[in-house]
Amino acid sequence: MSLLPLTETQREIQRLAREYTARELTPLAGERDRAQRFDRVMVEQMAELGFLGMLIPEQYDGLGLDAQSYLLALEEIAVGDATAAVTLSVHNSLPTQMILGFGNEAQRAHYLPPMARGEWLGAFALSEPEAGSDAASLRTQAVRDGDDWLLSGTKAWVSHGNEAQVILCMARTDTPDARRGSKGISTFILTPDLPGFHLTKKENKLGMRASPTLQIVLDNCRVPSDRLLGDEGKGLIYALGSLDHGRLGIAAQAIGIARAALEASVRYVGERKQFGKPIAEFQAIQFKIADMATRITAARTLLHAAAAAKARGEKITRYSSMAKLFASETAMWVTNEALQIHGGYGYVTDYPVERHLRDAKVTEIYEGTSEIQRIVIARETLAAAAAADGILPD
Ligand code: CAA
């Protein structure tokens, strides 16, 4: 039963992802987390199901699904293992969509089929040690050298950067004596075999421990000119536009984490007895369950309304930021409540809720912090109101 008006195909994708999650993801998620183990077999299984090419058109070997089907699948996957969901979200929302949207036909034909089949995993390299929220201040420099570009700089927080075969990297193509701000950034398609491409620091994280996060150092990395994506100087716009879509994926992931915590809590309150009865019979517990379920449903409804607007071809910058903001804060709140419901058992690794809480935190940080989402929402809301004599869009 769902509040969302889903089509038969969407229900089928949701069912497929749910069954796969229960069978393959949930049983090993705790072990992967403890071992900080990125599971290639899991990626191969998801590729077999077509999940690495969900949004890639069939002509490039993808499934060509709509955004809502993709988000439903992501939520299910995140219920079992949030790290599998971030792999899918980054790959499906950012590098593949950027190549599809802004690449030329030769680039699409070369990169998209193996990415759709899951043979090549895609990553996204925008942030740097000194440029996180302020993406436009990135410093990695690209300079022309004959037919090639030479890239130098450090990219940070690259999800599965050591597992990816295709990395979409934003770098400056303006010159230090003629800076062009946001118009001085371009996008390059990197592969790890390029001379001067080095994987350096692997982060030791609070959560999402089975999803490696890498620093990449580019040391005069020689990049052929046919690796420039789209127009020179439009790289930041491509990246921020793609993040509109990426943030929907992070929202779906956050909803999945919250749901995992709620489902664990529902099981626990039925089993755990105190004062002679299951704790599910206490109103203090019931109120928590009610609030957790309500917030999750509200987050999902907002997310799918944003995805439906995208399918209608509308600009969704404001709504994708709202969905990500609300879903990630919901995930943090719900996982914290779940831990409280579990009491001491929630604080130790016997139950999964401490992992859900650790995994939830980063959804408030990556692909734009909650503070950045609020900036985007405020800007867009003020602009929309100004354009409509103070009347806000519904
Ligand atoms: N879609 C398309 N274009 C957009 C856009 C959008 N959503 N948002 C902005 N732009 C365009 C603007 O129109 C502007 O273009 P012009 O220069 O032609 O006018 C240009 O991009 C610059 O925009 P702003 O002037 O608004 O830029 P700003 O410096 O004021 O900052 C910001 C905007 C919203 C703060 C932005 O920098 C931002 O979103 N920061 C957060 C970055 C982020 O999410 N990083 C996460 C990296 S990925 C990650 O987490 C790792 C991982 O692997 C998951």
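Remember, it's 1-based here, ligands and their atoms both numbered in the order they're listed.
Heavy-atom contacts from other residues, nucleotides or ligands closer than 6.0 Å to CD1 of Ile391 number 12 or fewer. Within a 6.0 Å radius of NZ in Lys234, other residues, nucleotides and ligands contribute 12 heavy atoms or fewer. For Glu105, the CD atom sits in a packed shell: over 12 heavy atoms of surrounding residues, nucleotides or ligands are nearer than 6.0 Å.
Per-residue contacts place Tyr366 under 4.0 angstrom from the following atoms of ligand 1 (heavy atoms of the residue considered): 50 (O). Ligand-side atoms of ligand 1 in range of Gly241: 1 (N), 2 (C), 6 (C), range being under 4.0 angstrom from any heavy atom. Of all atoms in ligand 1, listed by their number and element, those nearer than 4.0 Å to a heavy atom of Phe124 are 48 (S). Close approach of ligand 1 to Ala135 is summarised as follows: ligand atoms under 4.0 Å from at least one heavy atom of the residue are 37 (O).
With distances taken over non-hydrogen atoms, the option nearest atom 3 (N) of ligand 1 out of Ile237, Thr317, Val90 is Ile237. In the candidate list Arg180, Glu380, Arg379, Arg379 is nearest to atom 26 (O) of ligand 1, counting heavy atoms. Of the listed options Ser133, Ser93, Ala136, Ala123, Ser133 places a heavy atom closest to atom 37 (O) of ligand 1.
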Evaluation steps, ring pair (Phe, Tyr, Trp, His ring centres under 6.0 Å), between His91 and Trp120: CA-CA 10 Å; His91 174 89; Trp120 292 352; over 10 Å; no
Derivation of the salt bridge (charged side-chain N to carboxylate O under 4.0 Å, His left out) call for Arg259 and Glu76: CA-CA 9 Å; Arg259 220 184 86 201; Glu76 296 303 325; 3.0 Å; yes
Glu19 vs Arg23, salt bridge (charged side-chain N to carboxylate O under 4.0 Å, His left out): CA-CA, chis, key distance, verdict: CA-CA 6 Å; Glu19 285 174 6; Arg23 193 177 62 245; 5.2 Å; no
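Looking only at heavy atoms of the protein, atom 7 (N) of ligand 1 is closest to Asp244 OD1, 3.0 Å. Atom 42 (C) of ligand 1 has as its closest protein heavy atom Gly132 O, 3.9 Å. Of all protein heavy atoms, the one lying nearest to atom 19 (O) of ligand 1 is Lys183 NZ, 4.0 Å. In terms of protein heavy-atom proximity, atom 17 (O) of ligand 1 is closest to Ser182 OG, 2.8 Å. Among all protein heavy atoms, the one lying closest to atom 10 (N) of ligand 1 is Leu240 CD1, 3.8 Å. Given atom 34 (C) of ligand 1, the protein heavy atom at minimum distance is Val376 CG2, 3.7 Å.
Neither the backbone nor the side chain of Ile375 has any atom closer than 4.0 Å to an atom of ligand 1 (non-hydrogen atoms only). Using a 4.0 Å cut-off between heavy atoms, Ser127 contacts ligand 1 through its side chain alone, with no backbone atom that close. Counting heavy atoms closer than 4.0 Å to ligand 1, residue Leu243 contributes side-chain atoms (C-beta onward) but none from N, CA, C or O. Contact annotation for Arg247 and ligand 1: only side-chain heavy atoms (C-beta onward) come within less than 4.0 Å of the ligand. Only the backbone of Trp157 comes within contact range of ligand 1, with a heavy atom under 4.0 Å; no side-chain atom does.
The N/O atoms of Asp134, backbone and side chain alike, include none that comes under 3.5 Å of an N/O atom in ligand 1. For ligand 1, the polar-atom distance check against Gly368 finds a nitrogen or oxygen pair separated by under 3.5 Å.
Within a 4.0 Å radius of atom 49 (C) of ligand 1, the protein has at least one heavy atom. In this structure, atom 14 (C) of ligand 1 is not in close contact with the protein, since no protein heavy atom lies within 4.0 Å of it. For atom 53 (O) of ligand 1, the nearest protein heavy atom lies under 4.0 Å away. For atom 32 (C) of ligand 1, the nearest protein heavy atom is 4.0 Å or more away.
Counting only heavy atoms from C-beta outward, the side chains of Leu228 and Thr187 never approach each other to under 4.5 Å.
Considering every non-hydrogen atom in both Ala131 and Ser137, the closest pair reads CB-OG, 3.5 Å.
Remark: side-chain polar atoms of Ser93 are paired, donor with acceptor, to backbone N or O of Ser89 under 3.5 angstrom. Between the side chain of Gln97 and the backbone N or O of Leu94 there is no donor-acceptor pair closer than 3.5 Å. Between the side chain of Glu128 and the backbone N or O of Arg139, at least one donor-acceptor pair lies under 3.5 Å.
The side-chain tip of Lys277 points at the ring of Phe282 from less than 6.0 angstrom away and within 45° of straight on.
Residues Trp333 and Leu262 share a single hydrophobic cluster, defined by chaining ILVMFWY side chains whose heavy atoms lie under 4.5 Å apart.
Aromatic ring centres of Trp149 and Phe188 lie closer together than 6.0 Å.
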